[in-house]
Amino acid sequence: MKKLIILSLLIAPMMVLANEDLSLEGFEEPQWKDFAPVAYVNIKEPKGLGKFNDVAAYWYKRKVEFDDGIEKCRATESANAKISCYQDLKIKQYQKNSDYNARIEAMEQQRMNPQEMQMPTTNMYPVGGLLENFSRYQPNELR
């Protein structure tokens, strides 16, 4: 009887640990390629003239932040906390992608419809004022 109690006390913690490992089996770690455009999947730190490329710098910064987030998630002990951390990381990346796409779309709309074209009267001279002052700028013979 004593052996049975000791054996059950040793097996119970192993079963709990085994259940945690099983819960991670169907879950995969997020990959950078799932969030970045194909051109920026293997991005390196921009150097030289590449430093002036804002788009490359943006995606490099996001990749560094993503890699830091993955490392933080890997450091967590519990399987449930690890899954939650990965899901939060995915949500943040999807949100950043949607913000980036909205910003690009707004810039494209602005490029297609410049502000001057939307309100042409603000950039034009008032015709009435020009006609009133027209005689002032004519040579003396025409007055």
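Residue numbers start at 1 and run along the sequence shown.
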* To do: Could you tell me whether the side chain of W32 and the main chain of N42 form a donor-acceptor pair under 3.5 Å?
  => no

* Asked: CG/N80 to SG/C85 distance, rounded to the nearest 0.5 angstrom?
  -> 12.5 Å

* **Considering all heavy atoms, the nearest A36-W59 contact** => CA-CZ3, 3.9 Å

* Asked: Are the side chains of R111 and E108 in touch, meaning some heavy atoms are under 4.5 Å apart?
  -> yes

* Asked: Can you tell me how far SG of C73 sits from CD1 of I83, rounded to the nearest 0.5 angstrom?
  -> 11.0 Å

* Asked: Around E71, counting heavy atoms of other residues, nucleotides and ligands shown, do more than 12 lie under 6.0 Å from its CD?
  -> yes

* Asked: Less than 4.5 Å apart, any side-chain heavy atom of K72 and any of T76?
  -> no

* Asked: What are the two closest heavy atoms between I43 and K63, and how far apart are they?
  -> CG2-CD, 3.7 Å

* Kindly compute the distance separating CZ (F66) from CG (D34), expressed to the nearest 0.5 Å. => 7.5 Å

Tell me which donor-acceptor pairs under 3.5 Å the side chains of residues 89-101 have, and how far apart each pair is, sequence neighbours excluded?
| from | atom 1 | to | atom 2 | distance (Å) |
| --- | --- | --- | --- | --- |
| Q93 | OE1 | R62 | NE | 3.4 |
| Q93 | OE1 | R62 | NH2 | 2.8 |
| Q95 | NE2 | D99 | OD1 | 3.1 |
| K96 | NZ | E65 | OE1 | 2.7 |
| N97 | OD1 | R62 | NH1 | 2.8 |
| N97 | OD1 | R62 | NH2 | 2.8 |
| N97 | ND2 | F35 | O | 2.9 |
| S98 | OG | Q95 | O | 3.2 |
| N101 | ND2 | N97 | O | 3.3 |

* Flag side-chain contact, heavy atom, 4.5 Å: Y86 against R74 -> yes

